[in-house]
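This is a predicted model, so every value here is computed, not measured.
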Amino acid sequence: MQRLWSKFSPVFRRFLISYLIVLLIPQVAGYASYKASIEVAKSSSIENSLSSLNLGKEIIERHLVEVEAFTKQLAINQDLYRLIADPKPLDSNNVYGLGRMQRSLSMYSSTNDYLSNFFIYIRNYNAIITPNTVYYRPEHYYAENRLEGWTFEEWEEAVLKKPHLNELMPLKKYRREIRDSVFVETPAITFLQSIPLNSFNNPQAMIGVLIDEDHMGSLLQNIVDQYGGWALVADREGSLILSRGIDESEARRYIGAPAGENGEVSPTEDGRLLMSIRSDLNGWTYMAGIPEHALMTKADRIKQVTITFTLAALVIGLLIGLLLAYRHSAPIHSLLSVFREQNHASREKINNEYDFLAGNIAALIANNKLLESSLNDQLPLLRDAFIKRLLTGDFYTMRELEAASGQTGVPLRGERGRAGILILSGYGSADSEEIIQELSVARLIVRQAFSRLDHDVLVTDWGSDQIAFVHPLGEEPIDDMNDHMEAALLELMDSVYRQHRLSITIGLGSPYDAWNDVADSFNEAQQALEYAIHTGAFGMIRFKDMMKATELYYYPIESEQRMLNMLKAGELEEASRLLDQLFSRNFEERELSYEMTQQFVMELRGTFLKLAEQKIFHDESLTDHIKHQITAVSTTDGVSQLRDRFGRLVHDICTDIRKKRKDMSAETVGEIIRYIHERYSDAELTLYRLAEHIGKPEKYISQLFKEHTGKNPSDYVELVRIGKAVELLQQNHLTIDEIAAQVGYNSAHSFRRAFKRVRGVSPSAFRQMAE
């Protein structure tokens with residue numbers, strides 16, 4: 001082994017030993033990882049269980065809040081209020097009133113599983129109403145919904161006669177008859193609320209909601225299914241509400257134990273972890289117990305994976321160590337060979353490979369510094385070339401730009417900035433050596449002033465009498481940074497003039513948000529400077545100021561949006577008026593250039609094309625016609641011809657939209673008429689019900705129906721009902737009261753008044769006349 005080891009070079013041995021030492025580190029880390037993984041797995045499972053328990057708590061509380069809201073909703077029910085507040089009618093049982101109230105309750109039981117079984121006790125009639133029936137004696141209701149361990153008298157005393165305010169009775173089994181002589185026992189809690197809501201001593205009625213334990217317990221079943229644990233809920237007084245995965249007796253033992261902190265996790269004697277959460281809403285306690293061995297199953301799996309990966313890492317790491325030791329030592333051998341050949345040194349003269357390499361590399365570094373010094377002399381030229389490429393937009397990708405920046409040492413600070421160009425005023429053409437030298441000195445003075453202004457400003461000469469610059473802006477609000485920059489430039493202009501009597505005119509472009517957009521900003525700056533030279537202006541000229549001084553077309557985005565909205569609504573008059581306004585603003589109040597006229601026409605064409613692409617027309621073939629009309633608009637047309645072409649477009653579009661709206665309105669009215677003829681017998685057929693069926697507001701339905709039929713919906717309903725009543729009166733086999741009920745009237749009296757109002761005679765007189 002020693003002989004084999006000695007055959008390898010010293011460099012190879014040093015590399016291999018280093019890799020083997022590094023390879024041992026993961027083994028130590030693997031053991032630490034295993035120990036940590038147990039705690040992590042345990043903590044993760046506890047957090048998941050707490051999350052599941054807390055989620056179940058939140059859902060249960062949300063449902064309980066819904067139950068409370070339901071009782072409050074019932075408390076303001078007008079039918080219920082009349083049964084409570086109105087004096088008792090001649091019919092002591094008030095069959096019609098109680099029956100109507102029972103029918104109105106039937107829809108509540110289908111909206112929420114928690115509301116599938118509830119009752120209302122009305123003291124005035126000593127009756128109980130459920131979604132399914134009316135019990136005119138509480139004994140009859142209790143016979144079908146008997147609570148375990150209670151007699152009727154105890155139940156009546158505790159539930160019906162006492163006032164209740166959002167009260168929850170603990171879990172009890174109630175016995176229900178599902179069919180003849182077949183009973184089932186279902187555990188449930190009972191939510192009780194007296195009404196009116198502020199009747200603390202003399203309630204007139206009471207609402208009771210029986211919440212099935214299965215509906216609540218299913219929300220905690222995940223803890224039992226996932227870990228084989230258990231879960232329970234107890235109220236503020238320590239009464240058991242529900243449990244899953246645990247016997248009732250054992251559950252009561254845990255409830256009776258001293259409670260820990262909210263969210264605390266503690267071990268139990270039977271190898272479980274006990275966690276509990278208390279509700280801020282009602283003071284209930286939610287508890288769960290998870291077997292600790294269920295948590296360790298995941299940790300054991302992690303242990304097996306860790307051991308497997310550790311052994312695999314040892315074998316693979318050893319192979320990789322041999323490969324890397326060879327690969328990393330081979331280049332050093334090659335370098336040694338090269339340097340030996342250059343220095344004509346033999347192997348015996350090299351006592352230490354690294355010292356030999358260090359000496360030769362030091363000589364290389366010295367030579368490299370000489371080369372670097374030569375390159376630094378060329379750096380200003382490289383910087384100027386980089387800035388010029390940046391200003392002319394020669395960089396097509398950000399990667400290319402960053403690479404050039406790194407090579408030339410030009411920093412790119414931030415993303416925002418502003419480009420500009422200045423001209424040294426007062427010099428003619430550079431046709432003499434003296435003027436060229438003066439301009440060189442002047443440019444140097446200005447560039448030094450820029451360096452004092454901000455070190456991050458990129459400056460380069462742009463011709464003999466011009467200097468271009470790029471001024472980065474910070475991350476502050478753009479308006480503040482623009483103001484700060486312009487103030488600094490004005491100060492620079494004043495300083496250069498006072499100290500050196502140099503007059504400067506500056507053109508500024510718009511701010512840019514990315515370095516690739518510098519060329520656009522610089523192009524605007526050149527236009528601004530050209531405008532200043534053309535007009536003889538001095539000082540600082542902004543591109544936006546130059547644009548304001550030229551005649552631009554008028555077509556703000558707000559006008560375009562208004563035009564689109566008016567066309568979509570079919571508002572021909574308003575759309576035509578807006579079109580007239582646009583043409584007046586652009587061709588009467590302004591003298592647009594040919595280019596501006598072209599741009600305005602293209603923008604207006606674009607607006608109509610946007611509308612054509614949305615496919616909103618009644619006749620689909622009109623879309624192609626509209627597009628053909630739009631493309632037929634030429635920028636070379638005269639103003640009056642353009643106005644006529646766009647006017648025809650507005651007329652065709654609005655006419656089609658109005659036709660489409662009219663057809664849709666007729667269809668809606670037809671649907672209303674069909675619905676009235678189907679439901680005229682329903683006494684609750686009102687304008688609200690019609691609007692609910694159509695899915696439109698009541699006011700819209702009323703106006704639309706009257707526009708198309710000349711009648712209000714309520715009048716039309718009355719005509720249909722009276723028409724059906726006429727048919728029934730002629731058949732002569734139903735009484736007046738029966739006919740009134742069949743055609744949708746709550747009472748014969750209201751039917752008689754309506755019939756006389758429409759037909760001019762009473763129903764009985766009409767029958768006699770028909771006979």
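Between the OG1 atom of Thr505 and the CD1 atom of Ile421 there is a distance of 11.5 Å, given to the nearest 0.5 Å. Here the CD-CG distance, from Gln526 to Leu391, works out to 8.5 Å after rounding to the nearest 0.5 Å. Here the CG atom belonging to Leu490 is positioned 7.5 Å from the CD1 atom belonging to Ile506, to the nearest 0.5 angstrom. One finds the CD atom of Gln599 at 4.0 Å from the CE atom of Met596 (value rounded to the nearest 0.5 Å). Interatomic distance, Leu649 CG to Arg605 CZ, rounded to the nearest 0.5 Å: 10.5 Å. From His651, atom NE2 reaches atom CG of Asp644 across 13.0 Å, with rounding to the nearest 0.5 Å.
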### Task
Please test Leu529 against Ile541 for side-chain contact (heavy atoms from CB on, under 4.5 Å), starting from the C-alpha separation and ending with a verdict.
CA-CA 7 Å; Leu529 184 62; Ile541 307 299; over 6 Å; no

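More than 12 heavy atoms of other residues, nucleotides or ligands sit less than 6.0 Å from atom NE2 of His500.
Between Leu502 and Tyr497 there is no side-chain heavy-atom pair separated by less than 4.5 Å. No side-chain heavy atom of Ser576 sits under 4.5 Å from any side-chain heavy atom of Leu579. Counting only heavy atoms from C-beta outward, the side chains of Leu508 and Leu489 approach each other to under 4.5 Å. At least one side-chain heavy atom of Glu58 sits under 4.5 Å from a side-chain heavy atom of Asn54. For the pair Leu390/Phe522, no side-chain contact is recorded, criterion being any heavy-atom separation below 4.5 Å from C-beta on. A 4.5 Å side-chain heavy-atom check between Thr607 and Phe646 finds every atom pair outside the cut-off. Looking only at side-chain heavy atoms (C-beta outward), Gln466 and Leu422 stay at 4.5 Å or farther from each other. With contacts defined as side-chain heavy-atom distances shorter than 4.5 Å, the pair Asn482/Pro511 qualifies.
A donor-acceptor contact closer than 3.5 angstrom is absent between the side chains of Glu491 and Ser495.
Considering His471, Arg447, Met485 as possible partners of Val457, the one that fulfils the side chain to side chain contact (heavy atoms under 4.5 Å, CB included) test is His471. Applying side chain to side chain contact (heavy atoms under 4.5 Å, CB included) to Ile467 and the options Val459, Ile504, Thr460 leaves one that passes, Val459.
Of all heavy-atom pairs between Met540 and Met493, the closest is N-CE, 4.2 Å. The heavy-atom pair separating Ala449 from Val496 by the smallest distance is CB-CG2, 4.1 Å. Considering all non-hydrogen atoms of both residues, Gly420 and Ala525 come closest at CA-CB, 3.7 Å. Listed here is the closest heavy atom pair of Ser464 and Leu439: O-CB, 3.6 Å.
A salt bridge links Arg498 with Asp494: the distance from a Lys NZ or Arg NE/NH1/NH2 to an Asp or Glu carboxylate oxygen falls below 4.0 Å. A salt bridge between Arg383 and Asp461 is absent, with no side-chain N of the basic residue lying under 4.0 Å from a carboxylate O of the acidic one. Under 4.0 Å is where a charged nitrogen must lie from a carboxylate oxygen, and between Arg443 and Asp465 no such pair does. We find that Glu486 and Arg418 are joined by a salt bridge, their nearest charged nitrogen and carboxylate oxygen being less than 4.0 Å apart.
Without hydrogens or angle criteria, Arg416 side chain to Glu476 main chain gives a donor-acceptor distance under 3.5 Å. Looking at Ser405, its side chain does come within 3.5 Å of a backbone N or O of Val410 through a donor-acceptor pair.
Checked against a 6.0 Å centroid threshold, the rings of Trp462 and Phe469 do not count as neighbours.
Note: Phe600 and Phe587 have perpendicular aromatic rings, judged against thresholds of 30 and 60 degrees for the angle between ring planes.
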